[in-house]
Every structure is written in structure tokens, then in C-alpha cells.
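Every chain is numbered from 1, with letters handed out A, B, ... down the list of sequences.
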Amino acid sequence: MSLELEWMPIEDLKLPSNVIEIIKKRGIKKLNPPQTEAVKKGLLEGNRLLLTSPTGSGKTLIAEMGIISFLLKNGGKAIYVTPLRALTNEKYLTFKDWELIGFKVAMTSGDYDTDDAWLKNYDIIITTYEKLDSLWRHRPEWLNEVNYFVLDELHYLNDPERGPVVESVTIRAKRRNLLALSATISNYKQIAKWLGAEPVATNWRPVPLIEGVIYPERKKKEYNVIFKDNTTKKVHGDDAIIAYTLDSLSKNGQVLVFRNSRKMAESTALKIANYMNFVSLDENALSEILKQLDDIEEGGSDEKELLKSLISKGVAYHHAGLSKALRDLIEEGFRQRKIKVIVATPTLAAGVNLPARTVIIGDIYRFNKKIAGYYDEIPIMEYKQMSGRAGRPGFDQIGESIVVVRDKEDVDRVFKKYVLSDVEPIESKLGSERAFYTFLLGILSAEGNLSEKQLENFAYESLLAKQLVDVYFDRAIRWLLEHSFIKEEGNTFALTNFGKRVADLYINPFTADIIRKGLEGHKASCELAYLHLLAFTPDGPLVSVGRNEEEELIELLEDLDCELLIEEPYEEDEYSLYINALKVALIMKDWMDEVDEDTILSKYNIGSGDLRNMVETMDWLTYSAYHLSRELKLNEHADKLRILNLRVRDGIKEELLELVQISGVGRKRARLLYNNGIKELGDVVMNPDKVKNLLGQKLGEKVVQEAARLLNRFH
DNA sequence: GGCGCTGCAATATAGACAGCATGTC
DNA sequence: CTATATTGCAGCGCC
């Protein structure tokens, strides 16, 4: 894993001068060692490479050079795949530079989508693994022109949930040409072999990292830090995290603290904020952030109040309970060095680039949801992702990352396990029924009819051991046939119409089966029953149910005035899913009935980000259920589901459906208009002054124009 | 009886991808 | 087999 530290001057690149100009414009004069190494290994000649190196070591530029040189030489299109929407967005902005020399760049993902047909006009497409998988299933013509794939953050192969999709995308990408990028992994040679690529492994980082462990000294209020290079340091205070945070702040460094639960992230942030009077802050800049925070509509008022009091002291917390808008604001404030400390859950470990001089990893344990009372030590990969955030290029000479342990006895073990070890090897995650069945369905959808042998060969191209493939393959075929997702046509397997629909909707086959059974066995039912059915599927949103809450839900179950579409399960785990689904259904019902957001958040004890995610998932599932019911000719259900889908999406009663078509008009504004007698598009156009009065001059103007445009389109 | 305190017991616990219609990235 | 901060609640003394 060593390599000479060679820096190649940009001018030495065998690339056209206009390409070199663009790189130079970014202020880059020399390629850093990993970049140099990649070029020496034939990156520009289109050689297949697997590049493993720490985050922030300049992999994006390697991908850019790979793509551009490939496209210049071979024409066609290239696709850059990432595991996160936020990364897709980030890379899109970077790749935009290449439009200057004529390459058209687009991005497409679940939340920011370019129509499939339009993508044919672009040369470089940035997307997520799931979206690419989905695109392949839809088989657009232009996808055949794509001959170069960049697979970013390929270590997501190891993610139990997402890994199978990464793996199936990789199988098809490696039939063409690819460049794979990954965080450092231990079995990179094996993975490179699988990819048919040459490994390029480096540990080089733009800012050196020093890792350490902090533990309490016998003497109270004193903490000792031991670093990898055997240097030590002492800090004082009531709490290791706070003591070290303040120490770093006193030297003008920013701090990123990781905690293992949301509540701890919040309370740690609050504690740190109490000491911030000793830190010099840019008050004006902070009040600017507070002003922006006030303008964010997406967010609960409790969250916003708490964040405001923290941010005014230069501190913030960050976890997925917060809406995207709030998280973006916090990240940006930190990037601009106005916010000095962020206390986060693992949201910030992976994903967008947000380095800090000091990283404090507060917990190496994490509660295990599956086995009650059981605790896991976090994976080494996750530790490395967190510690790797230490050291910000341009601001810090060195990054420091420390792990908090309980006492001196733990120091050695933690040092050995986390600081000095290789990360876990990457293994196939296709070895589960859910993953494997979905995998086969996806292949048939993308490839069309295949013989058993052909289909099997696809599976053998995976990372899964052959014996396991054999086990799962037969079971999968049998199940898919029995449940009529696939059928036999001559010597081949083909998708049924139902199976094709399921593949296109991108829902899990088990989800589809549950929906089908639920709908076929019942007459049209109440909204709550549909929501409950969908929330109960494996694709349904997760939500935590408290103990008291569970009792209330069970009670409510007894005097429900509508019949649910799922039979009450006897098995304990299934039953708790059943109750969880009921909670999701109730939340969605309140949302659709226009219950105020703050009320929903406190009533169900969730954050604005949770609500958003839930709505997004249920929007997708109600849409899917609508289409499945059409496919199955269950028209009564279909009628109900169509309305349900529209109401879930916007969180509105049926009467507002027309008004929310206007962009810029959501549940709140539509209700305001409606209650003032503006009930349909025509009313908006006929009463422009009233609309402007209600919504404000500028917005009102836009809304009236938009309504007129919509009306015209209908006639 | 009501209030506040103490100390032990119970409780809770991370994250994030996907469809499609919009206009067009 | 392993954690820990927060919340809930019984029991108590005190006014």
C-alpha cells in the first residue's frame, strides 16, 4: 500500500490543451500522488482501474480525466454513479466545468430528475446506483451508447441494504468499461480481479491525519490522549468530549463530534454551547444564518428554536431528523467557518465533503435494533469514514481524530481494532432471499427473455460464492414462477406484465406480493387501511414506536372503524411491524388531513426530516399500488389509490387537489386560498388582487400567472 | 394533602435509495 | 456476551 510521492505537472498530461486549461482554472498545477499513479497506470488510455484511497484525496479529478479522455477518444456517453443523492449533486456541480468544452452534463436521481428520454441529449450523466439500476430496467435506447462507467464509493457493496444494487449495477458496468473508486478496503486485490481492473491503492491524504484515543485519568476531571505516534496530551474538564472540543477551539480549529444517537447529539451540542462564551465568534455572520433559518419553511418550530439558540453560540447538531434544508444550512455555516462545532450522528460520516480540524468519535458502540439488549461495536469502515473527516485542506496543517473510551483498560483494544487495523473485507450481500429475488427480477427486466443458463451466468458473475448462487437461484426461480412475476416462454424465462410493472416501479417483489394479496382479498377500503398495507411492506418507512405508544396503538386497533387489509400476525416480530405500520398510517392520515406540521411532529415524536422521508416513501408506494391495482384490474382500489397518492404527496384534503397543481402552492397556501373562497384555478385567475393580498405581491403575481398557464393547457 | 427531593428502574437508541409528471439541469 | 443518557416513578421527608 505504499507508493512514491510523485506529483505530475498538469502540462505533462497527454490531454488536449483546452482540457488542461479547465483543470488549471481550478488552481491545480500538479496531480497529487494518487492522481499521478492513476495516470501512470493508464487512466488516460482507458485502462480499467480500481482506485482505493481515503476520502478527499482527489478521486473526483481522476474520474473526470478518465471520462473526458475516454469520451474524446471514443465518443458516446459516460455515467458517474454515486450512492447518495447529495453526492450526485456535488459531482454534478463539479462536472459542469466540462460544458465549457462542449460536453453536456446532466444529473438524475429520485429527488432531482431529468426525464429518461431527455438524457439522450447528454454526454455525461451523474446518477445514483438505484436510479441507474432503474434506468436499465426501462431499457432506454441511449443507454447502449454508454461505454464508460465510474463507480464511486464502491465500498457500498458491503452495505447490507444497498450493497445488492451496487453489485448488480457493477456486474453490468463491467461488461463495458469502468473506473471504480472506493475508500480503502482490505481485499482490494480480490475486488479488482472481479472487476477485471488493475488495483491502485494509496493511503495518501491531502492533510496528514493523526489518530488517537482519549480516556479518563484516575484523577477526576483529567483526560489523557494517546496518539498513534505515541505522543500524548492532557485536557481538563467534566467531560472528555467537551474538554477536547474546547481545547481545539482555543487553537482556532473547527470540531466535528460524532455521537451514536440523536438525543446524545443534541444534548452534547447543548453542553458545548454553554462554554462557547470563551470562544470568539463572528456574531454578524451567525445572525445572518439565524435569519436564513427563520425563512426555512421545512422544519418544526421546536427544532428551529433549539438550533437557533445553539447556532447563535457557534454550535449545531446534525442528524436525519432534521429536514434537508436545515441540514444544508448547518453544513454551509460550518463550511464558511461561522459555525465552529457540529455534533452529528453518522449522517456526516459518509456523504458530502465536510472536513474539520478535529474529529471526536464519542461512541464506538451502537444499539442493535434486531437483538434487544445487544450492542454492536461500529464497523471499522465507519470509524475510518469518521476519522477521515479530520483535517481541512487549506486551513489545517494536520487533522486529528480521537476516540473516546471509558477507561484506560479499553485503550489498547480500541487502538488495535480501530486505529491500527485494516477495514473489513468487502463481501457480496446478495445472499438473502429479498436481495437475490430482486436481483433476478432486475436482470430479466433489463435484458429481456433469458434462458435459465444465461440467467444463471449473470448470477455467477456476482461476488457471491457459486454454491450460494446455486442455492438461491433455484429457490428464486420457483418463487418468482409461483407468484407469477415470471413465466416460461419456450426455453426462456420472461417477465409477466405484473412482474415487469413491479420491476419498473422499482419495488421489492415481496412488497408487490403483499400489496397484491391485500388488494385482491378485499373490497375497496378506507384510507387508513391502504396506508397501513403499504407501510407494512418491506419497502415501507421505518418509525420507532415507544412502549406507551404501542399500548395506545393496540387499543386503537380494537375500535378501528375500518377493516385493515393485513391479517393481524401472531408472530412477535411481524406483530411489531404491524403496529409500526399503523403508526406510519396514522401519521400519513394526519398529514393528508392537513394537521399542522408542528402538531404531527410532537404528537408522534418525530423530526421534520423523518416526516419528509416518510411522505416521500409513501408517495412512491401509493403511486406503485395504484399502478399495480390497474395492472390487476382492481378498479375500485385503483380509484381510491389514485386520490390517496395525490393527497399523500402534498399533504392535503381532496378539495385542494386543484390548487396545489400551481407550483409554489403547497398545503398551507392552498388552504389559505381555499378558505378565502379561491377554490379552483379559475378563481385564482379571476381574483388576482385577492390572491396577491393573501400571498404577497410577488408570489401572488407568479401564482396567478402559473394558474393561467395551467388553465390554458387544459383548453 | 401537596411539594420537592433522592435513588433506583424503566426506557430508548443511525441512516436513506427508489416512480412519475413537471420543464429542461 | 457487551452501553449509557434520559425519563419515570416510588418512597420519603418536609411544610
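Ring pair A/Tyr156/A/Tyr129: centre-to-centre distance not below 6.0 Å. Remark: aromatic rings of A/Trp98 and A/Tyr80 are distant, center separation not under 6.0 Å.
Atom pair A/Glu550:CD and B/dT11:C1' shows a separation of 13 Å (rounding to whole Å applied). To the nearest angstrom, P of B/dT22 lies 16 Å from CG of A/Asn712. In this structure, CD of A/Glu161 is placed 10 Å from C1' of B/dA16, rounded to the nearest angstrom. Atom-to-atom, CG of A/Asp410 to C1' of C/dA3 comes out at 11 Å; the value is rounded to the nearest Å. Taking atom CD1 of A/Ile125 as the reference point, atom C1' of B/dT24 lies 14 Å away to the nearest angstrom. Atom P of nucleotide B/dA12 and atom CG of A/Asn368 are separated by 17 Å, given to the nearest angstrom. One can place OH of A/Tyr506 at 17 Å from P of B/dA16, the figure rounded to the nearest angstrom. Going from atom CG of A/Leu646 over to atom C1' of B/dA21 covers 11 Å, rounded to whole Å.
Using a 4.0 Å heavy-atom criterion, one finds that A/Tyr129 contacts no nucleic acid atom at all. Within 4.0 Å of A/His627, counting heavy atoms only, lies no atom of the nucleic acid at all. Within 4.0 Å of A/Val105, counting heavy atoms only, lie sugar-phosphate atoms of the nucleic acid but no base atom. Residue A/Asp363 is out of contact with every strand shown, counting any heavy-atom pair closer than 4.0 Å. Contacts of A/Arg366 with the nucleic acid, taken as non-hydrogen atoms under 4.0 Å apart, include base atoms. Among the atoms of the strands shown, only primed sugar atoms or phosphate atoms (P, OP1, OP2) are found under 4.0 Å from some heavy atom of A/His138. At the heavy-atom level, A/Ile507 lies nowhere under 4.0 Å from the strands shown. A/Ser624 comes within contact range of no nucleotide atom at all, as no heavy-atom separation falls under 4.0 Å.
The separation of B/dC20 from B/dT24, taken at their C1' atoms, amounts to 16 Å, rounded to a whole angstrom. Atom C1' of C/dA3 sits at a distance of 30 Å from the matching atom of B/dC17, rounded to the whole Å.
Using a 4.0 Å cut-off, no side-chain N or O of A/Arg162 falls inside it from OP1 or OP2 of B/dG15. A sub-4.0 Å separation between OP1 or OP2 of B/dG15 and a side-chain N or O of A/Arg262 is present. Under 4.0 angstrom from either OP1 or OP2 of B/dG19 there lies at least one side-chain N or O belonging to A/Lys131. Side-chain nitrogen and oxygen atoms of A/Thr108 include none within less than 4.0 Å of the OP1 or OP2 phosphate oxygen of B/dC25. Contact between the side-chain N/O atoms of A/Ser663 and the OP1/OP2 oxygens of B/dT22 is not found at any separation under 4.0 Å. Within the 4.0 Å cut-off from OP1 or OP2 of B/dG15, at least one side-chain nitrogen or oxygen of A/Thr345 is found. Residue A/Thr347 has no polar side-chain atom (N or O) positioned under 4.0 Å from OP1 or OP2 of B/dA16.
Heavy-atom nearest nucleotides on DNA chain C were determined for A/Asn260 and for A/Ser267, and the one closer to the 5' end corresponds to A/Asn260. Where A/Lys263 and A/Arg406 meet DNA chain C, the nucleotide closest to each residue was compared, and A/Arg406 sits on the side nearer the 5' end.
For the atom pair CZ (A/Arg709) and NZ (A/Lys702), the distance works out to 11.5 Å, reported to the nearest 0.5 Å. Taken to the nearest 0.5 Å, the CG atom of A/Leu533 stands 10.0 Å off from the OG1 atom of A/Thr511.
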When Watson-Crick pairs (N1 to N3 and N6-O4 or O6-N4) and G-U wobble pairs (N1-O2 and O6-N3) count only below 3.5 Å on both distances, what is the dot-bracket string of DNA chain C, with | for other-strand pairs? ..|||||||||||||
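A donor-acceptor contact under 3.5 angstrom links the side-chain atoms of A/Thr617 to the base of B/dA18.
In this structure, A/Arg413 fails the cation-pi test against A/Tyr215, since its NZ or CZ atom is not both closer than 6.0 Å to the six-membered ring centre and inside 45 degrees of the ring normal.
Across the strands present, B/dC20 finds no partner; the criterion is a Watson-Crick or G-U wobble pair with both atom distances under 3.5 angstrom.
Which of B/dT13, B/dG19, C/dA5 sits closest to the side chain of A/Met264 comes down to C/dA5.
Ring-plane geometry between A/Tyr437 and A/Phe510 is classed as tilted, the angle between the planes lying from 30 to 60 degrees on a 0 to 90 degree scale. Note: A/His637 and A/Tyr530 have perpendicular aromatic rings, judged against thresholds of 30 and 60 degrees for the angle between ring planes.
Remark: the A/Asp539 side chain and the A/Asn508 side chain contain no N/O donor-acceptor pair separated by less than 3.5 Å.
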